[in-house]
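Let me begin by presenting the structure, written as structure tokens, before commenting on it.
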Amino acid sequence: MQKKEYIQKMFAGISHRYDFLNHLLSLGRDRYWRRFAVSILPSGLILDICSGTGDMAIQVSDRSRVIASDFCPEMLALCTQKMQKQKIDNVFCVQNDAENLSFRDGAFDGAAVAFGIRNVDNIKKALSEMRRVVKKGGKVVILEFSQPDGRFFGSIYYLYFKKILPVIGAAISKKNGAYSYLPESVMAFPKRNQFVELMIRSGMKDIEFHDLTFGIVTVYVGRC
Ligand SMILES: C[S@@+](CC[C@H](N)C(=O)[O-])C[C@H]1O[C@@H](n2cnc3c(N)ncnc32)[C@H](O)[C@@H]1O
């Protein structure tokens, strides 16, 4: 099975438990991480790729109209339900592949992705697509897990992340692979400077990054 198909099936399989596990396994920090990332975005029309159940899009919707896109129908169905339940009428959930977006060049004031870029098959292609659909001067904001520095915090964190989290995730989602995939994919993800290099190569400028919560996650910002 190709990575794309594997990822799509994996998220379909855990979609019903995704939000609950996200909040539980991050001890509620995921909301703060997204809020920080969203605060950097401009207002206007924003694209949220790999939007999943739409938590990032909801935060963006406070001051912008949002297209929440994802390639997994099961995650998107939950996204749509959530918008209806919360009576949010400025978020539109649409199916789209992050590596081949169906939007025209420069259509958006900004683009965002939270915990999604690590999962796409061709990261460079997805970054180039984000850059392409954002107008000149707009921003791309990327929130992703990182490998924390610091020996003391690192050893406790990795014990939790690699040994405890996969067990809790598997028990609650009733899927074995997905929560082992999480630490494996984070360890395989490019280091901060390598990722910045990919952003530059996709055509973004003025790149900054901000580590949050001891470097567990990093928010990358690029100008188009
Ligand atoms: C870890 S979830 C993140 C969801 C959400 N952004 C959040 O903050 O919770 C990753 C999402 O990326 C989506 N995804 C992975 N590869 C994709 C691709 N090539 N195109 C579109 N969506 C993709 C998955 O379907 C999944 O919903």
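Only this structure's heavy atoms are used, side chains among them; waters, hydrogens and symmetry mates stay out. Order of appearance sets the numbers: ligands from 1, and atoms from 1 within every ligand.
Here is the list of ligand 1 atoms found below 4.0 Å of a heavy atom in F115: 1 (C), 2 (S), 3 (C), 8 (O), 10 (C). Contact atoms of ligand 1 toward I7: 15 (C) (distance under 4.0 Å to a heavy atom of the residue). Which parts of ligand 1 touch M75 is read off a 4.0 Å heavy-atom cut-off, strictly below it: atoms 27 (O). Set against the non-hydrogen atoms of C72, the atoms of ligand 1 under 4.0 Å away are 25 (O). Annotation for ligand 1: atoms under 4.0 Å from non-hydrogen atoms of N22 are 9 (O). Atom numbering of ligand 1 starts at 1 in the shown order; those under 4.0 Å from a heavy atom of N96 are 20 (N), 21 (C).
The number of heavy atoms from other shown groups lying within 6.0 Å of CZ (R192) is above 12. The environment of OH in Y158 is crowded: more than 12 heavy-atom neighbours from other residues, nucleotides or ligands sit within 6.0 Å. Counted within 6.0 Å of NZ on K4, heavy atoms from surrounding residues, nucleotides or ligands total more than 12; the atom is thus considered enclosed.
Among the atoms of R34, some N or O lies under 3.5 angstrom from an N or O of ligand 1. Looking at ligand 1, you'll find an N or O of A114 within less than 3.5 Å of one of its N or O atoms. Some N or O of F71 is nearer than 3.5 Å to an N or O of ligand 1, by distance alone. Polar contact with ligand 1: present for D70 (N/O pair, distance under 3.5 Å). Where the criterion is an N or O separation shorter than 3.5 Å, residue side chain and backbone included, C50 meets it with respect to ligand 1. On a distance-only criterion, R118 and ligand 1 share no N/O pair closer than 3.5 Å. For ligand 1, none of its N or O atoms has an N or O atom of I49 under 3.5 Å away.
In this structure a side-chain-to-backbone donor-acceptor pair under 3.5 Å is missing from R34 to I58. For the pair R132 (side chain) and F103 (backbone), a donor-acceptor distance under 3.5 Å is present.
With a 4.0 Å heavy-atom cut-off, ligand 1 is reached by no atom of S69. Only side-chain heavy atoms of F11 come within less than 4.0 Å of ligand 1; its backbone N, CA, C and O stay farther off.
The pair K9-E5 meets the salt-bridge criterion, with a side-chain N (NZ, NE, NH1 or NH2) lying under 4.0 Å from an Asp/Glu carboxylate O. Checked for salt-bridge contact, K139 and D109 miss the test: no charged N lies under 4.0 Å from a carboxylate O.
Minimum interatomic distance between C72 and Q8 (heavy atoms only, all atoms of both residues): SG-O, 3.7 Å. Heavy-atom minimum distance, D48 versus A57: OD2-N, 3.5 Å.
Taking atom 20 (N) of ligand 1 as the reference point, the nearest protein heavy-atom neighbour is A98 N, 2.9 Å. The single protein non-hydrogen atom nearest to atom 19 (N) of ligand 1 is D97 OD1, 3.0 Å, given as residue, atom name and distance. Of all protein heavy atoms, the one lying nearest to atom 5 (C) of ligand 1 is S51 O, 3.4 Å. Atom 9 (O) of ligand 1 has its closest protein heavy atom at Y18 OH, 2.7 Å.
One finds the CG atom of L78 at 10.5 Å from the NZ atom of K85 (value rounded to the nearest 0.5 Å).
No side-chain donor-acceptor contact under 3.5 Å links K124 and S202.
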Begin with the C-alpha distance, continue with both residues' side-chain angles, and end with the deciding distance and a verdict on ring pair (Phe, Tyr, Trp, His ring centres under 6.0 Å) for F145 and F189. CA-CA 9 Å; F145 284 109; F189 189 69; 9.8 Å; no

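Residue D55 places no heavy atom under 4.0 Å from ligand 1.
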